Peer 1: 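Here you go, one structure.
Both ligands and their constituent atoms are indexed starting at 1 by order of listing. All values below were derived from every heavy atom in this structure, side-chain atoms included, with hydrogens, water molecules and symmetry-related copies excluded. Computed from a predicted structure; not experimentally measured.
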Amino acid sequence: MNVLVTGGAGYIGSHTCVSLLKAGHDVVVVDNLSNSKRETVDQVESIAGKNVTFYEGDVTEAGFLVEIFAAHSFDGVIHFAGYKAVGESVDLPSKYYRNNLLSTITLAELCQEYDVPKFVFSSSATVYGENASPMIESMDLLPTTNPYGETKAMSERILIDIAKANPGFEVSILRYFNPVGAHESGLIGESPNGIPNNLMPYVTQVAKGIREKLNVFGDDYDTLDGSGVRDYIHVMDLADGHIAALENLSDGVHIYNLGTGRGTSVLQLVEAFQQVNDVPVPYEVVGRRAGDIAVCYADATKAEQELGWVAKRGIQDMCRDAWNYENSVGAESMSQNRK
Ligand SMILES: NC(=O)c1ccc[n+]([C@@H]2O[C@H](COP(=O)([O-])OP(=O)(O)OC[C@H]3O[C@@H](n4cnc5c(N)ncnc54)[C@H](O)[C@@H]3O)[C@@H](O)[C@H]2O)c1
């Protein structure tokens, strides 16, 4: 297939481009590089040994996108582009609603105009809100505690309605749990700007000595050791999940959890990281963080049954590959404002 990947220079998008190319698909990336660098696309090409067509620009701008849709005959779009910093979305809600909703609407409309039948969307487990785990696709969505989460729930709704009104439009909504790790080559990985919001990049930066210690937000949750439990998924498993979703798409809207189905606590992850990589990760338990829930993990059976996809990599692989990337030349040069 000829696939448009929006946000393909970003963390999950770049790994998915590798999987797409390796599966024999052609890839066109559009990214405005607001949270990524052009070099990542070069790294994707060198890992896969195939070329990618790259356009720098904003996917909320239909005028820019029409030329790309006119020039390529796409079979599908995988839409990763968006803002994802939960805390920032609370302070700057309109920035999030504008970017995340307009990008989805614009791309879905262009798919109708240019007869692009397949659309795969990056959603998030955050749409489950305070539901009890395991999270299952048929659950009613509960309000999330931040505008970022709302943009995901609203984008899902918008795509469901557009698909309903346009028979033949095939939509796959993928709800990611907690993507971590990196491609095993160490050439691409997660390089957040500033202080990381997520646990794994924080852990790698503490292990590297860039930050003094890890703050563990709360050890008084009702969990096995009191720290929060999440469903970490290796980013290459997540990438493969997109190929399975794209290749198995059929008419209508299909929603899948992409997770392992297993919960791991913050303290278990820190312990595994120290053991696998033989490096200390000093940490301190501090108060709970606003908006965090105690436990969040997937029921991952629907994706297995319908897509034949399961996450194959374990916590050890995730810790090893994240550390490998942190120690590569790439991580240092890709990140900004790490101090
Ligand atoms: N990383 C996670 O933990 C996680 C979890 C659930 C869902 N998601 C979703 O998955 C998607 C990809 O996440 P990621 O972690 O790879 O983030 P990322 O920031 O690394 O990648 C997003 C990419 O989109 C680009 N972008 C943003 N707005 C754009 C626009 N208007 N036009 C063109 N390019 C634009 C950025 O430059 C970046 O390269 C996002 O939609 C995110 O919300 C991520």
Side-chain angles (χ1 to χ4, degrees), residues 4-18 28-41 43-44 54-65 68 77-86 88-89 95-107 110 120-128 135 144 146-156 159 173-183 188-194 196-202 230-236 238-239 241-242 256-259 296 298 318 322 334-336:
L4 170 64
V5 180
T6 75
Y11 173 46
I12 304 169
S14 59
H15 290 79
T16 302
C17 286
V18 169
V28 174
V29 167
V30 175
D31 199 303
N32 64 1
L33 305 179
S34 58
N35 195 35
S36 54
K37 294 204 172 155
R38 174 71 182 81
E39 295 91 288
T40 298
V41 181
Q43 303 287 36
V44 166
F54 178 77
Y55 294 95
E56 182 175 344
D58 194 315
V59 295
T60 64
E61 289 175 17
F64 155 72
L65 285 178
I68 297 168
V77 173
I78 307 185
H79 177 34
F80 292 103
Y83 296 144
K84 63 167 181 177
V86 171
E88 187 187 50
S89 80
K95 175 178 171 177
Y96 276 69
Y97 285 114
R98 174 179 295 280
N99 198 39
N100 293 5
L101 298 184
L102 280 186
S103 58
T104 304
I105 294 169
T106 306
L107 288 160
L110 284 168
V120 177
F121 176 65
S122 299
S123 190
S124 165
T126 190
V127 299
Y128 290 113
M135 306 298 186
T144 65
N146 57 79
Y148 165 73
E150 293 304 314
T151 69
K152 292 298 177 190
M154 287 180 192
S155 290
E156 289 195 3
L159 289 169
I173 290 172
L174 304 180
R175 294 179 179 155
Y176 311 155
F177 281 69
N178 292 69
V180 295
H183 188 265
I188 54 174
E190 188 176 14
S191 310
N193 292 328
N197 285 309
N198 295 336
L199 178 61
M200 186 66 97
Y202 212 110
R230 295 292 179 271
D231 186 341
Y232 297 98
I233 172 165
H234 195 294
V235 66
M236 286 310 300
L238 192 64
H242 290 75
Y256 298 104
N257 286 339
L258 294 185
C296 179
M318 303 179 209
M334 296 306 291
S335 317
Q336 294 148 16

Peer 1: Considering residues at least two apart in sequence or located in another chain, which fulfil the side chain to side chain donor-acceptor pair (under 3.5 Å) criterion with S124?
Peer 2: none

Peer 1: Among residues at least two apart in sequence or on other chains, which ones pass salt bridge (charged side-chain N to carboxylate O under 4.0 Å, His left out) with R175?
Peer 2: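 With neighbours one apart ignored, the set is E156.
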
Peer 1: Under 3.5 Å, side chain of T6 to main-chain N/O of V30, donor-acceptor pair present?
Peer 2: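 Side chain of T6 to backbone of V30, a donor-acceptor pair under 3.5 Å: no, none is there.
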
Peer 1: List the steps, then state whether side-chain contact (heavy atoms from CB on, under 4.5 Å) holds for S155 with F121.
Peer 2: CA-CA 9 Å; S155 290; F121 176 65; 3.4 Å; yes

Peer 1: Applying a heavy-atom distance cut-off of 4.0 Å, which protein residues contact ligand 1?
Peer 2: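 Residues within 4.0 Å of ligand 1: G7, A9, G10, Y11, I12, D31, N32, L33, S34, N35, S36, G57, D58, V59, F80, A81, G82, K84, N99, S122, S123, S124, Y148, K152, Y176, P179, N198.
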
Peer 1: Verify whether the ring centers belonging to H242 and Y176 lie closer than 6.0 Å.
Peer 2: yes

Peer 1: Can you list everything that forms a side chain to side chain donor-acceptor pair (under 3.5 Å) with E61? Sequence neighbours excluded, please.
Peer 2: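 For E61 there are no side chain to side chain donor-acceptor pair (under 3.5 Å) partners, ignoring immediate neighbours.
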
